[in-house]
Each structure stands twice: as C-alpha cells, then as structure tokens.
K.L.:
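Take a look at the following structure, please.
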Amino acid sequence: MKAIVVTDEAAGTAGMKLAEVPKPDVARLASLSGASYGDVVVQVHASGFTWDELTWPSTWTDRLGRDRTPSIPGHEVAGVVTALSYGTTGLSVGQRVFGLTDWTRDGTLAEYVVVEARNLAPLPSEVDFTVGAGVAMTGLTAWQGLFEHGHLRAGQSVLVHGAAGAVGSMAAQLARQAGAYVIGTGRAAHRQTALDFGAQEFVDLENESLEDVGSVDLVFDVFGGDIGKRSAGLVRTGGMLVTVAGPPEAQPADGLAVDFVVVSDRAQLNEIAQRVRDGRLRTNIGKIATLDDAVEAFNPTERVKGKTIIRVRP
C-alpha cells in the first residue's frame, strides 16, 4: 500500500516521503494469535496530521523505547472498517468510522491503518470523510480542554488563544454553545474568522494588549511561551489555565494550571459527530490534498489557514 513514511527526526516534514509498505496482515489479525484483541483495520479515506508530531518521541519509538522507523505519521482518521481482530465487538466490517490512532503505532497517512476499536466512533453518512478526519483531534482536544480539564460552565468567561486555528475555532464554538462568554486571540488578519467561529471579542496579539482582557474564568492556551505565561495572570480566583503547549511556565496566583494530551473517547466523538451532522459545529479545514501530494502539502510555500487534510480516496 502507499504511505507517507519518516526515518529522520532532524529532517522534520522535509524528511517525509511517499513509499510502498506492506498492508496490515488481515489473516493474522483475525486469528487467535493475532496482534491485539480489539484491533480493526480501517481503509483510510481521509487523514489528518498535527504540525508538531514529528517532534513527539512516540513518532520514533514504541512503548518500550525501541526505534520503530520507518514510521507512518498521522493520527486522525476517517474511513471504513475492512477487518476485525479476533474478539472485537462494537464495530462491524463496512462501517464508516472516525477517531484517533495510538501514538506509538503507525498512523493514518496511508491507505490502511490498524486501530484499536475503542478509539473509533461511527461517522454519520451525512458527514464527509474529510470533515470526520478534520474534527477528530481538534474536536476532542477542545472538548477535553474545556469540559474535562477546564470544567467550563454556563455564564463563565473563557479566553481562547488561536481562536481562528483548527483547535481554537473548535474551542470557541463549543464554549459559546455551553453558554460561556468567549474572547478569542490571534493575528490581526484572523479577527473575522475568530468572530465567525463564535468569539464575541477578539484581541489582536500583534497590536493590542492581552492584559486589557481583564480577568477570566478559563484560559484555553495553544501557544505556550510568553503568551501562556502572561495568560496565567488573567485567571481570576478559582479559575483555570488549560494548555496543550506543554507544562505551564507560570501558575495563576489563585487558580490552577494544567497541561494535557488528548485521548480518543467514543462517547465524546459521538457527541461531536452529532453536532457536526446537525450543523452546530463547523470544521476549520484550510487545504485538502491527495496522498501523492501530502509531502508538498505539509511543506507549504505559503501559510495555510486552518487544518490540512489528506484525502486518501476520492
């Protein structure tokens, strides 16, 4: 099968290449001696790639720390189940699904991928595969940051950094739907996009003072660094700073700060899919490319707004 593979950590996305690799061994998967109970093979229709995943240790080593290159990146998937491992329940062959793959196994920039069934949810027929791949990680990250870690409630205020980006736009929509007051941040050129995705105010981080926001109940941070440190000072008593940019460099004076890594969750995926199907949640896809053009798509000559999705099958 065709797949994008990486072997050189120092090369970054420039080290990606299209290659022919073995397809998953369906016969072994279905046998008693198969790889793992609960695995399924998914024929990939659309795949997503997170911009920094080539810096993750799990891209290069397995759970025991052993080198696993050449590895296939990409962990966001939408496709069709083509085979079940021995003992797998909850999904069926021919079912449309979407979700996340395991970090330490080969990913979704390929024609087929092996995924734990528990990490997938049914994808409604009304939702295109590109949308499914585009909302899997972004939707789960926003959901878990706001509600599991940030404990957001109606009537609270939330500062969403990067509110025009792939994850931030999801967070802005979900927070607004939860009854929160949403303040978005980003570049000046992103103001209208952030407002369109649900922000009620916008702070241009290039030309306006972040501190003018005042105090908020929750900060959803995707930037880290200086913005993350300054944001800690905006959290009011009892509030939260939640970040996906690594361990926080500063703590709120009278609140909490937490960083987290997103995990796949079928119930949350089901809720996200329902909102997408009903038109309540929009993806922020900036570019769609084919698998043959994936290397070029992930090494763009100009800035791409929104998430890049690889359409593996027409």
Side-chain angles (χ1 to χ4, degrees), residues 48-59 75-76 100 103 135-153 156-176 178 180-187 190 193-194 197-199 201-206 208-265 268 272 284 306-307:
F49 172 79
T50 303
W51 67 273
D52 65 341
E53 70 177 73
L54 298 188
T55 67
W56 303 349
S58 57
T59 299
H75 294 285
E76 301 144 85
L100 304 181
W103 309 130
V135 78
M137 187 177 292
T138 59
L140 286 172
T141 301
W143 187 282
Q144 290 167 20
L146 292 172
F147 305 124
E148 285 196 352
H149 302 288
H151 308 294
L152 183 67
R153 302 186 305 274
Q156 292 187 320
S157 57
V158 55
L159 178 66
V160 177
H161 285 310
V167 173
S169 61
M170 284 287 166
Q173 291 175 85
L174 290 171
R176 183 76 177 267
Y181 185 82
V182 182
I183 306 165
T185 77
R187 298 171 181 265
H190 298 165
T193 300
F197 275 110
E201 289 184 34
F202 183 82
V203 179
D204 167 10
L205 294 175
E206 297 171 312
E208 298 173 348
S209 172
L210 176 61
E211 285 68 25
D212 286 346
V213 166
S215 60
V216 295
D217 296 293
L218 173 64
V219 174
F220 186 98
D221 177 35
V222 298
F223 294 145
D226 180 62
I227 294 297
K229 289 170 64 176
R230 291 162 60 194
S231 297
L234 303 177
V235 177
R236 63 169 48 109
T237 300
M240 294 279 296
L241 185 154
V242 177
T243 180
V244 293
E249 297 182 38
Q251 296 280 332
D254 295 301
L256 297 174
V258 62
D259 68 297
F260 75 100
V261 176
V262 65
V263 296
S264 202
D265 183 290
Q268 292 171 9
I272 290 165
N284 188 0
K307 192 167 186 65

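Note that these values count all heavy atoms, side chains included, but never hydrogens, waters or copies made by symmetry.
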K.L.:
Heavy atoms only: give me the nearest Met240-His149 pair and the separation to one decimal.
P.N.:
CE-O, 2.9 Å
K.L.:
Apply the test side-chain contact (heavy atoms from CB on, under 4.5 Å) to residues Phe49 and Leu54: give CA-CA distance (whole Å), side-chain angles for both, the deciding distance (0.1 Å), then the verdict.
P.N.:
CA-CA 10 Å; Phe49 172 79; Leu54 298 188; 3.9 Å; yes
K.L.:
I'd like to check Thr50 versus Glu76 (side-chain heavy atoms, cut-off strictly below 4.5 Å). Are they in contact?
P.N.:
yes
K.L.:
Knowing that exactly one of Leu234, Val182, Leu241 qualifies, which makes a side chain to side chain contact (heavy atoms under 4.5 Å, CB included) with Leu159?
P.N.:
Leu234
K.L.:
Applying side-chain contact (heavy atoms from CB on, under 4.5 Å) to Val135 and Met170, what does each step give before you reach the verdict?
P.N.:
CA-CA 8 Å; Val135 78; Met170 284 287 166; 3.3 Å; yes
K.L.:
Atom CD in Glu206, atom NE2 in His190: separation rounded to 0.5 Å?
P.N.:
8.5 Å
K.L.:
If every non-hydrogen atom of Val222 is compared with every non-hydrogen atom of Phe220, which pair is closest and at what distance?
P.N.:
CG1-CE2, 3.7 Å
K.L.:
Calculate, to the nearest 0.5 Å, the distance between atoms CD1 and OG1 belonging to Ile227 and Thr185 respectively.
P.N.:
7.0 Å
K.L.:
Taking salt bridge (charged side-chain N to carboxylate O under 4.0 Å, His left out) as the cut-off, I'd like each qualifying pair that reaches into residues 219-229, sequence neighbours left out, listed once.
P.N.:
Asp226-Arg230
K.L.:
Can you name the residues that form a side chain to side chain donor-acceptor pair (under 3.5 Å) with Asp217, not counting sequence neighbours?
P.N.:
Ser157, Arg236
K.L.:
When Val242 is tested against each of Leu218, Leu256, Val219 for side chain to side chain contact (heavy atoms under 4.5 Å, CB included), which residue passes?
P.N.:
Leu218
K.L.:
Drop me the distance from Met137's CE to Lys307's NZ, to the nearest 0.5 angstrom.
P.N.:
6.5 Å
K.L.:
Minimum heavy-atom separation for Ser231 to His161, with atom names?
P.N.:
OG-NE2, 2.7 Å
K.L.:
Is any side-chain heavy atom of Val244 closer than 4.5 Å to one of Val167?
P.N.:
no
K.L.:
Strictly by side-chain hydrogen bond (donor to acceptor under 3.5 Å, both in side chains), give each pair with a member in residues 135-145 just once, sequence neighbours left out.
P.N.:
Gln144-Gln268
K.L.:
About how many Å separate CZ of Arg187 and CG of Leu205, when rounded to the nearest 0.5 Å?
P.N.:
9.5 Å
K.L.:
Mind checking whether Ile272 and Leu140 have side chains closer than 4.5 Å, heavy atoms only?
P.N.:
yes
K.L.:
Which of parallel (below 30°), tilted (30 to 60°) and perpendicular (above 60°) describes Trp103 and His75?
P.N.:
perpendicular
K.L.:
If you take all heavy atoms of Thr243 and Pro248, which pair is closest and at what distance?
P.N.:
CG2-CG, 4.0 Å
K.L.:
Between Gln173 and Phe197, what is the shortest heavy-atom contact and its length?
P.N.:
CG-O, 3.0 Å
K.L.:
Restricting to non-hydrogen atoms, name the atom on Ala250 and the atom on Ala257 that form the minimum distance, rounded to 0.1 Å.
P.N.:
O-CB, 4.2 Å
